[in-house]
Amino acid sequence: MPDTTIRFLHSGDWQLGMMRRFLGPEAQARYGQARVDAIERIGAVAARTSAAFVVVAGDVFDANQVDRKVVLRACEALRAITCPVYLLPGNHDSLEPGSVWASPMLAAHLPSHVEVLRDSDPRTPAPGVEVVGAPWRTRRPLRDPVADVLDADPPAEGVVRVLVGHGQTDSLAPDVGEPALVRLRTLEEALAAGRIHYAALGDRHSRTSVGESGRIWYAGTPEPTRPEEEHPGDVLLVELSTGPGGSTCTVTPERVGTWRLLSRVVEVDGDSSLDALDRWLGEQPDKARTVVRLGVRGALSVAGLTRLEVLLDAQTEVYAAIQRWRRNWDVGVLPDDQMLDDLPVTGPARAALEELRLTVASGSDDAGEAADALALLHRLAGGAA
């Protein structure tokens, strides 16, 4: 029996149509289009690497009810991938009544080389290769979603079988009692017995190798969705070989993402620390496709608070978004009574200023909001450059 060698791409969690509440309308439109454009970049990787096929391991769409424009743009982008493509329904777009997969519009526009894995029948994208999917039929399955596939008979001798599944493995899940977990031990036993040769998983948005075999992978999402994701933005190039001499597997990440979602916490105590924050924000590349979740801790004068607000206002105009990380936003006010006394405000405004000063000094739960209000009053009264 001659050796069988196959090269393919493993992706997942496209979540087309995803909305991010921290983005404004203009940035949201660009972010949504970037997720569609990632399909074309995957097609470019497939062409450059001579991949025989592409598997997408669930959550192709962010929900079963997405805008028709998202469906049509996805179908058009899939034309850029010229080899066979297999799409697996996941928990976001499960095969329930009324799902996006039942849409007549999808059926009318999905390219002929793209197939939805609605069952677990083996597909044969190339000689000596089987692709077997484990689609989600409900958002809340009550057992391991890939168990039935792993119970199947092994493939014929010399045939490489690729499992396409979706869900958390029990080795990574915070709640091991959840019934719909993928059981790592069962996967590893199936690999050892030759019932499958690679497990292409989706649901985890960070590129992750699971277990010790080097054959169980999450590809991660092609564009990031949360700052916590450690390795988003890739598609995996997988090369499998099997024959009389045994079986080998090589997995290589290929970059396709263009957006960055960053987290940063800074300590502030005066102008030098604000200078450092200004430099860091100014030095970041590709700001229009960068989201920063920013935490600020420390203490500033009211003038320093004003400068911080002015700095962030200016940078927010050029970034996709700058989020205030409330859990890590704790800025106290340094005593600066003379500066506040000198502000040219009288009457009700002066009374409000004095009340805010008392609230800040009290250290109550409202002190942070009072400090922000003092900085705003300082700016409105002409205290900012």
> Short question: side chain of Arg20, backbone of Tyr31 - any donor-acceptor pair under 3.5 Å?
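Absent.
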> Do Ser171 and Thr169 pass the side-chain hydrogen bond (donor to acceptor under 3.5 Å, both in side chains) test, and can you show the C-alpha distance, the side-chain angles, and the key distance before you say yes or no?
CA-CA 5 Å; Ser171 61; Thr169 62; 3.0 Å; yes
> Can you tell whether the side chains of Glu239 and Arg7 come within less than 4.0 Å, N to carboxylate O?
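Between Arg7 and Glu239 there is a salt bridge, with a charged N closer than 4.0 Å to a carboxylate O.
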> Between the main-chain N or O of Val159 and the side-chain N or O of Glu130, is there a donor-acceptor pair closer than 3.5 Å?
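No; zero donor-acceptor contacts below 3.5 Å.
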> Taking only Lys NZ, Arg NE, NH1 and NH2, and the carboxylate oxygens of Asp or Glu, determine whether Arg79 and Glu76 approach each other closer than 4.0 Å.
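Glu76 and Arg79: salt-bridged.
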> Main chain of Arg226, side chain of Glu229: is a donor-acceptor contact present, judged purely on distance under 3.5 Å?
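Yes: the side chain of Glu229 pairs with the backbone of Arg226.
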> Salt bridge or not between Glu223 and Arg289? Use side-chain N to carboxylate O under 4.0 Å.
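Here Glu223 does not pair with Arg289 in a salt bridge, since their nearest N and O are not under 4.0 Å apart.
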> Would you call the rings of Phe8 and Phe53 parallel, tilted or perpendicular if under 30° counts as parallel and over 60° as perpendicular?
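Because their plane-to-plane angle is under 30°, the rings of Phe8 and Phe53 count as parallel.
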> Would you check, one step at a time, whether the test salt bridge (Lys or Arg N to Asp or Glu O under 4.0 Å) holds for Arg324 with Glu309?
CA-CA 11 Å; Arg324 297 188 185 219; Glu309 295 297 329; 2.6 Å; yes
> When you measure from the side chain of Arg123 to the backbone N and O of Asp121, does any donor-acceptor pair fall under 3.5 Å?
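Looks like yes, one N/O pair under 3.5 Å.
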> Is the shortest side-chain N to carboxylate O distance from Glu189 to Arg183 below 4.0 Å?
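The answer is no: the pair does not qualify as a salt bridge.
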> Does the pair Asp275/Arg307 count as a salt bridge with the N-to-O cut at 4.0 Å?
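So Asp275 pairs with Arg307 through a salt bridge.
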> Could you check whether atom CZ of Arg185 has more than 12 heavy atoms from other residues, nucleotides or ligands sitting under 6.0 Å from it?
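No, the 6.0 Å shell around CZ holds no more than 12 heavy atoms from other groups.
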> Please walk me through it: do Ser103 and Arg68 pass side-chain hydrogen bond (donor to acceptor under 3.5 Å, both in side chains)?
CA-CA 10 Å; Ser103 163; Arg68 64 188 302 271; over 6 Å; no
